[in-house]
Amino acid sequence: MASNNAQLAVIFQQMADVNQVTGGNRFKTIALEKGARVLKDFVKDVADVEPQDLLQVEGIGKGIAQKIEEFLRTGRVLEHQEMIDAVPAGVLKMLDIPGLGPKGVAQLWNDGGVESIDELKQKIEDCSLEGLKGFGKKKLEKLQQSIAFAEKAGERTNIGFALPLALAIIDVLKDLPGVQQIDYAGSLRRGKETIGDIDLLVGAKEKDAARIMDVFVGLEMVEEVLGHGATKSSIRSTDDFRNIQVDLRVVDPKHYGAALMYFTGSKEHNVKVRERALSMGYTLNEYALADKDDKTKQVETKTEQAIYRKLGLAHIAPELREDRGELALAEKDDLPDLIELKDIKADLHTHTTASDGRWSIEENALAYAARGYHTVAITDHSKGQVQANGLDDKRLVRHIEAVRKVAKKLEGKITVLAGSEVDILADGSLDYPDELLAELDVVVASPHAALSQESKKATRRLLDAIANPYVTMIGHPTGRLVLRREGLSPDMEALCKAAAGRGIALEINANHWRLDLRDTHARLALEHGVRLAINTDAHGPADPDQLPYGVLTARRAGATKNDVINCMTAAGLKKWLKSTRG
DNA sequence: GCCGTTTTCGGCCCGACTGTTTTCAGTCG
C-alpha cells in the first residue's frame with residue numbers, strides 16, 4: 001500500500017490535471033501540483049504531523065491541509081472524486097502526449113469529441129479532425145509522431161518505478177518462514193533503464209512454496225492476480241505502483257544459482273554461456289550446469305559464481321550480461337572492477353531555492369554531509385531557464401556570495417562549491433559571459449531547449465560548449481527523457497573525442513527520467529578516455545536517492561571508480577577541477 | 001490553491017519557438 005503521502009500526491013496531481021483540462025484557474029493548477037510535489041518529497045508521514053505544523057510547510061495552505069485531513073479521516077477526498085468523475089480518464093491520459101497541453105486536450109475533447117489517445121490516432125488517420133481550430137496539418141503530423149514514439153516505448157516502465165516496487169515486495173517476503181534466498185532478477189537486476197516486468201526469485205523448499213505464494217498474491221500492492229500456481233505466480237500492481245506485472249518463482253535452494261542466472265539473462269548472454277558450456281561438455285539450464293550426455297549428473301547448481309567458475313569464467317556482474325564482449329573479458333579475468341554506490345563521495349549538480357530547487361543552500365549541503373560526502377556543488381539554473389527562476393548575471397553574483405558564505409560556515413563538514421548549470425543555447429553559446437563563468441568552481445553546461453534540433457546542429461552546439469574554457473562538464477548531454485522524449489542525437493563519438501581533448505567530464509544524470517548519458521553513450525565515453533560524472537541533479541531532499549540509477553547505468557557502461565570524478569578524494573577532485581581550467 | 005500582506009484580496013515567471021490565428025495562443029522549459 002502506498003504511503004499516505006504518496007496517495008495524496010497522486011490525488012493532488014490528478015486534481016491539477018482535471019483543473020487544467022477543464023480550464024480552471026491556472027494558478028490553482030500550479031498550487032495543486034506543488035502540493036503533490038511537496039507531499040512526495042515530505043520526509044514524515046502526514047498522519048504523524050500536527051495540522052498546525054502542516055500549515056507551516058511551504059506549498060500547503062488551508063485548502064490542501066483540509067483535504068489531507070479529510071483523506072486521513074475518511075480515506076478519500078470528495079472534491080477529487082467529483083473532479084475525476086467529470087473528465088474521462090482517457091482525456092487526462094492525452095496530457096502525456098508531448099506537444100499537447102491542456103488547451104489542446106480540452107479542444108480535442110470538447111470540439112473534436114476525442115476521449116482517448118486511441119480515438120485521437122483514429123481520427124487523425126481518417127482526417128475527421130480537419131478544420132478543428134488549432135489543429136492544422138503539421139500539428140496533427142507532429143502529434144502522430146509523438147504518439148508513435150510513446151507506443152514504441154511500449155508497456156515498459158522506468159527502473160525508477162520498478163526498483164522501489166521490487167524492494168517493497170522483497171521486504172515483505174524475505175522474512176516469511178522457509179524463504180532462504182530472495183532476489184529480483186531480469187532486466188531490473190541488470191540495471192536497465194526500463195523494465196518490462198519484474199521477475200522475483202525465491203529459494204525455498206517445496207513444502208513452503210504454497211504459503212509464500214499465498215502471501216505474494218495477497219499483498220496490498222496487488223491490483224489483479226494474473227496467475228497463482230505452485231512454483232510461479234503473477235500479479236499486476238495497483239495504480240500507485242504503475243500497474244507493473246510481477247512474476248514470482250519459487251525454486252529449491254539447491255538450484256538457486258542456476259535459476260538466478262537463467263532469469264537474470266539477458267537472453268543473448270545466456271545463449272553465449274550455454275554455447276560455451278556445450279563446447280566444454282556441459283549443458284546449462286535453469287536448474288543446473290550438468291553433464292552434456294547425462295543430465296542427471298549435475299555439476300554446479302547453487303551459485304552463479306560456481307557455475308561461471310566451472311566454465312572457466314570470472315563472475316560476470318549482472319549489469320554486464322548483455323553480450324557486449326563480457327565473456328571474452330571474463331575468460332581473461334579482465335573484467336572491470338565496477339563502481340559501487342559507496343564509492344560516490346560528491347554530487348556536482350544540485351539545485352536550491354535560488355532557482356527551482358526545494359531546499360536552501362545550507363539544507364542541501366548538510367544533507368550531503370550527512371550522507372558522508374566530502375563535496376557538493378550548488379549549480380542553479382541560468383537566466384535562460386526563466387520558468388525555473390534561472391539566475392540572471394546580477395543574481396548569480398549574489399548567489400555565489402551566498403554559497404561562499406555557507407561554504408565558510410560548513411568548513412570542515414563538507415566542501416561547498418559555487419557552480420552553475422548554465423544553459424547551452426541553441427546556437428552553442430552559453431547563457432553567461434566567460435568573465436562570470438570564471439568566478440565559478442564548477443560549470444555544468446546543459447542543453448534544455450531546442451531539443452529536436454537536427455543531429456549536425458546539435459553536435460556543433462555541444463562541441464562549442466565543450467570548447468568553452470570554463471566548462472567542467474556537459475550535463476545530461478542529449479536532453480532525452482526515458483520513454484518520453486527522444487532528445488538530441490549528436491555525434492557522440494565527436495563529443496567524446498572533444499571532451500577527452502579538453503579533459504572535461506560528461507555527466508550521467510542519475511535521475512531515472514534522464515539517465516543521460518545512457519549506458520551505451522557512457523561506454524563510448526570510457527572507450528575514449530573521458531571521465532564520467534554521476535550527479536543526481538537534486539532539487540530537493542528526496543532526490544539524492546536517485547543515485548543508484550546513475551551508478552547502475554555507469555556499471556552497465558563498465559565504469560570503475562577511477563573513471564568517475566565523484567569518486568575522487570576531496571583533494572583529488574579539487575586538483576581535477578583545476579586541471580579543467582587548462 | 002498559496003502567499004503575504006499597506007489583513008482580506010490581488011498577484012502568482014516569462015522568453016523562445018512553433019504553428020497557424022496575419023498578430024497570437026499554446027507548449028516547453
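Per chain, numbering begins at 1; letters A, B, ... match sequence-line order. Predicted, not measured: the structure shown is a model, and the values here were computed from it.
Distance from the side chain of A:Leu100 is smallest for B:dT27 among the nucleotides B:dT27, B:dG1, B:dC3. With B:dT18, B:dT27, B:dT20 as the choices, the nucleotide that has an atom nearest any side-chain atom of A:Lys142 turns out to be B:dT18. The side chain of A:Pro102 sits closest to B:dT27 out of B:dC13, B:dC2, B:dT27. Among the nucleotides B:dT18, B:dC12, B:dG26, the one closest to the side chain of A:Asn25 is B:dC12.
Here A:Lys62 lies in heavy-atom contact (under 4.0 Å) with sugar-phosphate atoms only. Among the protein residues, A:Gly35 comes within range of no part of the nucleic acid, since none of its heavy atoms lies under 4.0 Å from any strand. Nucleic acid contact class of A:Ile60 (heavy atoms, under 4.0 Å, all strands): sugar-phosphate only. Within 4.0 Å (heavy atoms only), A:Gln66 reaches no atom of the nucleic acid at all.
The distance between atom CD1 of A:Ile68 and atom P of B:dC2, rounded to the nearest whole Å, is 9 Å. Note: NZ (A:Lys137) to P (B:dT18) measures 19 Å, nearest angstrom. For the pair A:Leu55 CG and B:dC2 P, the computed distance is 9 Å after rounding to whole Å. Taking atom NZ on A:Lys133 and atom C1' on B:dA25, their separation rounds to 9 Å, with Å as the unit. Atom CD of A:Gln107 is separated from atom P of B:dT20 by 13 Å (rounded to the nearest Å). Atom-to-atom, NZ of A:Lys457 to P of B:dC17 comes out at 10 Å; the value is rounded to the nearest Å.
Positionally, the nearest nucleotide of DNA chain B for A:Glu58 lies more toward the 5' end than for the other of A:Glu58 and A:Leu132. Each of A:Val57 and A:Ile30 has a nearest nucleotide on DNA chain B; the 5'-most of these lies closest to A:Val57.
A:Lys67 has a side-chain polar atom (N or O) that falls below the 4.0 Å cut-off from OP1 or OP2 of B:dG1.
The separation of B:dT6 from B:dC13, taken at their C1' atoms, amounts to 24 Å, rounded to a whole angstrom. Comparing the P positions of B:dT18 and B:dC9 gives a spacing of 44 Å, expressed to the nearest Å. To the nearest whole angstrom, the two P atoms, one in B:dG15 and one in B:dG10, are 25 Å apart. When the P atom is compared between B:dC28 and B:dT20, the two are found 15 Å apart, to the nearest whole Å. One C1' atom belongs to B:dT7, the other to B:dC17, and the distance between them is 42 Å to the nearest Å.
Annotated as syn: B:dT7, whose glycosidic dihedral is within 90° of 0. Syn is the conformation of B:dT8, whose glycosidic angle sits no further than 90° from 0.
Taking a pair to require two hydrogen-bonding distances under 3.5 Å in either a Watson-Crick or a G-U wobble arrangement, B:dC24 pairs with B:dG19.
Side-chain N or O atoms of A:Arg461 include one that pairs as donor or acceptor with a backbone N or O of A:Leu425 at under 3.5 Å. With A:Asp441 contributing its side chain and A:Ala418 its backbone, the two residues share a donor-acceptor pair below 3.5 Å. Checking side-chain atoms of A:Arg502 against main-chain N and O of A:Asn468 turns up a donor-acceptor pair under 3.5 Å.
Ring geometry, A:Tyr549 versus A:His512: the interplanar angle exceeds 60°, so the pair is classed perpendicular (tilted spans 30 to 60°).
In this structure, A:Ile344 and A:Leu547 have side chains that are in contact, with non-hydrogen atoms separated by less than 4.5 Å.
For A:Glu362, the salt bridge (charged side-chain N to carboxylate O under 4.0 Å, His left out) partners two or more places apart in sequence, or in a different chain, are A:Lys409. The salt bridge (charged side-chain N to carboxylate O under 4.0 Å, His left out) check on A:Arg398 picks up nothing, with sequence neighbours excluded.
A:Ser355 and A:Asp380 share a side-chain donor-acceptor pair at under 3.5 Å.
Shown for residues 376-397 of chain A: residues whose heavy atoms fall under 4.0 angstrom of DNA chain B, namely A:Gln385, A:Val386, A:Gln387.
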A:Gln385/A:Gln387 under side-chain hydrogen bond (donor to acceptor under 3.5 Å, both in side chains): CA gap, chis, key distance, verdict:
CA-CA 6 Å; A:Gln385 290 301 296; A:Gln387 84 296 338; 2.6 Å; yes
